[in-house]
2 protein chains.
Amino acid sequence: MSSGSPTFTGSNAEQTRRHNRCVVLGQIRRAGSMGRADMARASGLSVQAVSNIIASLERDGMLLEAGQRSRGRGLPAPQYALNPDGGYALGFEVRLHSTSVTLLNLMGELRLSQRLPLTDNDPSSVSRQLRQQMRTVLANTGVDSRLLLGAGVVMPGPFTPTGLANTSSVLPHWQDIDAGRLFSKALSIPVLVENDANAAAVGEHVSGCTESLSNYAFIYFGTGVGLGIVHQGQLFRGGSGNAGELGHILVPMPETGIAPRPGIPMRMTPLENMASRSTLLQRLAAAGLKTTTDAELEALAAADDPVLQQWLHDASASLSHAVHVVENLFDPDTVVLGGALPDAILTPLVEGISLAEHSTAQRTNRVMPRVMQGHSGAFSAARGGAALVINSLFTPHTLS
Amino acid sequence: MSSGSPTFTGSNAEQTRRHNRCVVLGQIRRAGSMGRADMARASGLSVQAVSNIIASLERDGMLLEAGQRSRGRGLPAPQYALNPDGGYALGFEVRLHSTSVTLLNLMGELRLSQRLPLTDNDPSSVSRQLRQQMRTVLANTGVDSRLLLGAGVVMPGPFTPTGLANTSSVLPHWQDIDAGRLFSKALSIPVLVENDANAAAVGEHVSGCTESLSNYAFIYFGTGVGLGIVHQGQLFRGGSGNAGELGHILVPMPETGIAPRPGIPMRMTPLENMASRSTLLQRLAAAGLKTTTDAELEALAAADDPVLQQWLHDASASLSHAVHVVENLFDPDTVVLGGALPDAILTPLVEGISLAEHSTAQRTNRVMPRVMQGHSGAFSAARGGAALVINSLFTPHTLS
DNA sequence: ATTATTAACTCAAGCAAGTTGAACTTACAA
DNA sequence: TTGTAAGTTCAACTTGCTTGAGTTAATAAT
């Protein structure tokens, strides 16, 4: 089913208040702490309106007074800052054989993360396991369940426009399941479902190298290679929620002795055949190295393993091509690379990227580097899931 | 200067009304005509709120009563439809040696279009010429200037985030000029400035093959090749307004005897070296054919000119690659191709596109063709400019 | 030291716009 | 002929932002 025109929905006083709360919270978050008059100026609201919103946020425990600040004459302004413990968000990553969970506080700080093996990945088994993990996390951190603002669940796509089901997914048994509704019922809190790249992209916004940016691209290394796009503070999801399939785009293949496929005019290959973790593992396996864990990969990196070095070389070249495409099509303020690779691999991969001079991104007035390294490691997707919830507090929901 | 986080601005009752007016107008537009109760159900507003908005829109001349409609029992509902003459929008295209103007009514119907040669393209000369063209159009159509809702001006980029200036643009003398402010002063109406591809994309939404869609990509053939992305009814502009530089992405080069450039690992070339109007003209010139006008191109197409045929073949192959990239990165409901090419060229170009089966876009449940042909011809950009204004009436401004 | 100025905040009244519920109108059905 | 359903209007109510007057406290000027 195609998305059609979104039937925009009407607004009223209640939604206006919700919007303005988001605006105020977002400003406090970005500035660290602010006074009422500053917020009024920044938001265009009257001081009185800001004052009422502050009072309501303080009642809800989201804000704390943070001293006073005097700038020259006049009454010193009481400053307000986020209460880090004013709320928490859970993030889950559901994979074929494991589920991960993270807990972030309002400031986007990691409180706990945990991974469990998953034996049955049918919907009800997964729901049970997430529910169990939620209980464990709350018990281990002492966080009151009433402070949970929601959960973000990261799952492999593809998605359909009607919520979040998948057709020929990596996960069996999930055809046409509305995962959001399912988990929301199981966990008794609001749930957002996203793919790994989108979640990781938002994770970088909530705590990472793009906190001050609202337009950027995030290249995520999971099993394959994904792309999360943040545009004007919002995720770009595409018509059916499957935008950012960077791994599918064709890149020129370096001469590695592999024959070109028939039907493809040149020696082109999908990016995920060159620059994904599974490709690396395949190459290592072909060379007789049975490698699977991050620790093993780190050891190979430390030993300057030649197969790994060659892969890094080839993968960086392919990524350079992909980054060029992303820069020209999305015009991001920066391109961040991160995900489920150890830093020992990710860092040389990012450093190996060489960008063409001739590009829209080659502006004179840019303040960010064109390429940056973002969060990495096993929990970057789950962290991103929790970040989706945190981020939604600070970002007015522009639609609906 | 990078965009940073957009400081979202607060909302109030006045903006709520503006938003709801857009919602209601948009629904009437999509449905053709509607009654109050239908709009209330579709928007989530109360019937009374809709009623008040309808009254205000009718006072403003934007709506007309369009009979009654009875569905079974109950009071027959008075229907409302857009008043085609309730407002007009101007669209301009500023090029190196010409300026074009179009006038669209509220329904997106073309009322007039005109092209004038441009001798001096410095800012004040252009402003004068546009002002003159506005007067001419109003005089020739008898439209009252008070019915002008605004103008959309299409100019070549690149843009900067601070409004709409350009640095190393095709147009000289325009460095760091705020074109929007300039034209708005000259024309005494609100002005939007966009690049050709974005404007043409919105043009297709206002009257074209994507009226019922809110996620699509538009590949625009101007001097080069551009891409306009509409996502959830909004243009995707990127961090500095320069998203969609499709012409810059590298595509595999068919064996046409041209030597590969040094530094590029394979025989890759920017798309606009393969699939742009200027490339076609160059090839024709190299073959001794001094062709410049659309009429001459149409004649060559009718004569099955071999140089043109070869170009069509090569360009379609390159475009196939580009469409594949666009499908996978943006996940649009469809990809539309259009712009400043005559139909005699555009149609075979679109028909020549062959798409890989293996793609995110290869869904089972798609309702639109993957590739469609959109508006073409000399005025497609200027039309798009006017469409920007019309579209803004029906699309709630989600930010700011 | 006293007074003026300035900035930030609070209080109370006012306003705009959406919501709610009762009353009215019309068409179809029993 | 009467009842029911659907659409609309009217009037009272509610929410939330704005406005303007009054209060407080820090700095600057006298």
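Labels below follow one simple rule: chain letters A, B, ... track the order of the sequence lines, proteins then strands, and each chain is numbered from 1.
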Select from A:Tyr80 and A:Asn12 the residue whose nearest nucleotide in DNA chain C is closer to the 5' end of that strand.
-> A:Tyr80
A:Ser70 side chain, from C-beta outward: closest of C:dG18, D:dA26, C:dT10 | D:dA26
Please state whether the base of C:dC11 and the side chain of A:Gln48 form at least one donor-acceptor pair under 3.5 Å?
-> yes
Sort out for me which residue in A:Val153, A:Leu192, A:Ile189 forms a side chain to side chain contact (heavy atoms under 4.5 Å, CB included) with A:Phe183.
-> A:Val153
Looking across every strand, which nucleic acid part, if any, lies under 4.0 Å from A:Ala77 by heavy atom: base, sugar-phosphate, or nothing?
-> sugar-phosphate
When the nearest nucleotide of DNA chain C is assigned to B:Asn20 and to A:Arg69 on a heavy-atom basis, which residue is associated with the more 5' position?
-> A:Arg69
Quick one: is B:Arg71 getting a side-chain N or O under 4.0 Å of the D:dG7 phosphate, OP1 or OP2?
-> yes
Hey, is B:Arg111 close enough to B:Asp85 for a salt bridge, meaning N to O under 4.0 Å?
-> yes
OP1, OP2 of D:dT9 versus side-chain N and O of B:Ser51: anything below 4.0 Å?
-> yes
Within the structure shown, what part of the strands sits under 4.0 Å from A:Arg41 by heavy-atom distance: base, sugar-phosphate, or nothing?
-> sugar-phosphate
Is a side-chain donor-acceptor pair under 3.5 Å present for B:Ser51 with B:Arg36?
-> yes
Upstream residue (5' side of DNA chain D) when A:Glu14 and A:Gly74 are each assigned their closest nucleotide | A:Glu14
If you check the A:Val47 side chain, which of D:dA26, C:dT10, D:dT8 turns out closest?
-> C:dT10
Do B:Thr9 and A:Ser43 have side-chain atoms, one donor and one acceptor, less than 3.5 Å apart?
-> no
Could you check A:Leu75 against A:Gly44 and say which one's nearest nucleotide on DNA chain D is further toward the 5' end?
-> A:Gly44
The side chain of B:Ala13 lies closest to which of these nucleotides: C:dG18, C:dC9, C:dA16?
-> C:dA16
Closest to the A:Arg17 side chain: D:dG7, D:dT9, D:dC17?
-> D:dC17
